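Heads up, the thing below is written out as structure tokens.
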Amino acid sequence: MGEPNQPPQLSSHKPVTLAWMRDLSLRHKLVAIIMLTCVSALFLAGVVFTAWEWTSLREGMVRDLSTHADILAENCNVAVTFGDATDTNEVLRSIDAVPSVLMAGAYRKDGTLLATYQRPEADVTVPLPEDLPAGHAFKDGRLTVTKPITLEGDTIGTICLISDLKPMYARLTHGIMVIVSILIVASLAAYMVSARLQGVISSPILYLADVANFVSQKKQYAI
């Protein structure tokens, strides 16, 4: 004899529900789930964009400061060749037009300091030759860039520029504010759309629940 039909076994897995969502109605749960999904996706996109912006700003600042260093190196190569500290200093003073630059220094080929220009209000120490980075370095909230001074293909010295990071931080702050504004506006739009469209899912379920409740109370199984 075959075994009698056994009732189907229900899954023992319970639906995952956050504690604060347990007392919400079905409509509100649907809206909350949609909002959590949208806000999480927007937040992740904002984090990725901020990281990309941070990297781009650092690269852009290095590129701009390197360009200024190349110009200074080209303009003072003759003065450095003759060891003319006065003319070299005049060339370095032209960097005063770039507000973020705190210090500019010109070093001879042997590493000794020939001339330097420093903003009066800047609290910066002229780096020693052995402390100069090869190319550029971010350290202590500042960017240091070095470029060789060449004349007819020969390296005759080194230009060093030190800049603060205020312009980069200002642009990054502005970018974050834009991202936060977009996040808020997009979240509001998602809430308005989800509040209207959740009925597509909740209405049939609530209708079925009402029918089941009516059947259980009135015992009208024909419905």
Side-chain angles (χ1 to χ4, degrees), residues 44-183:
L44 179 60
V47 170
V48 173
F49 179 81
T50 302
W52 174 82
E53 182 75 3
W54 172 253
T55 303
S56 299
L57 289 175
R58 285 169 63 95
E59 293 176 351
M61 193 165 186
V62 171
R63 183 171 55 252
D64 293 343
L65 199 61
S66 297
T67 300
H68 292 307
D70 287 334
I71 295 173
L72 290 180
E74 181 68 24
N75 291 339
C76 71
N77 54 8
V78 175
V80 172
T81 300
F82 291 100
D84 191 337
T86 302
D87 287 349
T88 304
N89 186 266
E90 287 299 320
V91 174
L92 297 180
R93 289 183 63 87
S94 64
I95 205 66
D96 189 59
V98 184
S100 62
V101 176
L102 304 177
M103 191 281 296
Y107 297 79
R108 298 182 180 90
K109 187 176 183 179
D110 61 3
T112 58
L113 184 65
L114 175 62
T116 181
Y117 169 73
Q118 182 175 334
R119 292 186 181 277
E121 70 278 7
D123 182 17
V124 60
T125 303
V126 179
L128 298 175
E130 57 269 21
D131 295 333
L132 295 178
H136 71 275
F138 288 91
K139 185 179 180 181
D140 299 330
R142 290 170 180 171
L143 169 62
T144 302
V145 169
T146 60
K147 286 289 182 176
I149 303 173
T150 60
L151 183 65
E152 297 181 354
D154 296 328
T155 300
I156 59 174
T158 303
I159 280 288
C160 174
L161 296 182
I162 298 179
S163 172
D164 62 28
L165 304 181
K166 290 181 180 179
M168 185 178 69
Y169 289 140
R171 292 185 59 182
L172 182 64
T173 301
H174 179 266
I176 292 176
M177 292 177 63
V178 171
I179 293 173
V180 172
S181 300
I182 294 175
L183 179 62

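Numbers for residues simply follow the sequence, beginning at 1. Computed from a predicted structure; not experimentally measured.
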Minimum side-chain heavy-atom gap [X]-[Y] below 4.5 Å:
X	Y	value
Lys147	Ser66	yes
Thr50	Leu172	yes
Val78	Asp84	no
Arg142	Leu102	yes

Testing the basics here: between [X] and [Y], what is the closest heavy-atom pair and its distance to 0.1 Å?
X	Y	answer
Ile159	Leu72	CD1-CB, 4.3 Å
Ala106	Leu92	N-CD1, 3.9 Å
Leu114	Ala85	O-CB, 3.6 Å

Donor-acceptor pair, Thr55 side chain versus Ala51 backbone, under 3.5 Å?
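Present.
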
Would the distance check show the side chain of Ser163 and the main-chain N or O of Ser100 forming a donor-acceptor pair, the cut-off being under 3.5 Å?
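Yes: the side chain of Ser163 pairs with the backbone of Ser100.
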
Gap between atom [atom2] of [Y] and atom [atom1] of [X] - 0.5 Å precision:
X	Y	atom1	atom2	value
Glu53	Met168	CD	CE	10.5 Å
Glu74	Leu151	CD	CG	8.5 Å
Ile182	Met177	CD1	CE	12.5 Å
Lys109	Ile149	NZ	CD1	12.5 Å
Leu57	Asp64	CG	CG	10.5 Å
Asn77	Thr88	CG	OG1	9.5 Å

Mind checking ring pair (Phe, Tyr, Trp, His ring centres under 6.0 Å) for Phe138 and listing every partner two or more places apart, or none if nothing turns up?
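By the ring pair (Phe, Tyr, Trp, His ring centres under 6.0 Å) rule, Phe138 matches no residue at all.
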
By ring pair (Phe, Tyr, Trp, His ring centres under 6.0 Å), which residues pair with Trp52, not counting sequence neighbours?
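Phe49.
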
For residues 119-134, which side-chain donor-acceptor pairs fall under 3.5 Å, sequence neighbours excluded?
{"unit_1": "Arg119", "atom_1": "NE", "unit_2": "Pro99", "atom_2": "O", "d": "3.4"}
{"unit_1": "Arg119", "atom_1": "NE", "unit_2": "Val101", "atom_2": "O", "d": "2.6"}
{"unit_1": "Arg119", "atom_1": "NH1", "unit_2": "Asp96", "atom_2": "OD1", "d": "2.9"}
{"unit_1": "Arg119", "atom_1": "NH2", "unit_2": "Asp96", "atom_2": "O", "d": "3.0"}
{"unit_1": "Arg119", "atom_1": "NH2", "unit_2": "Val98", "atom_2": "O", "d": "2.5"}

Please evaluate residues Thr144 and Lys139 with respect to the criterion side chain to side chain contact (heavy atoms under 4.5 Å, CB included), reporting the C-alpha separation (whole Å), side-chain torsions for both, the decisive distance (0.1 Å), and the verdict.
CA-CA 8 Å; Thr144 302; Lys139 185 179 180 181; over 6 Å; no

Does a donor on one side chain and an acceptor on the other come within less than 3.5 Å for Thr146 and Thr158?
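No donor-acceptor contact under 3.5 Å links the two side chains.
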
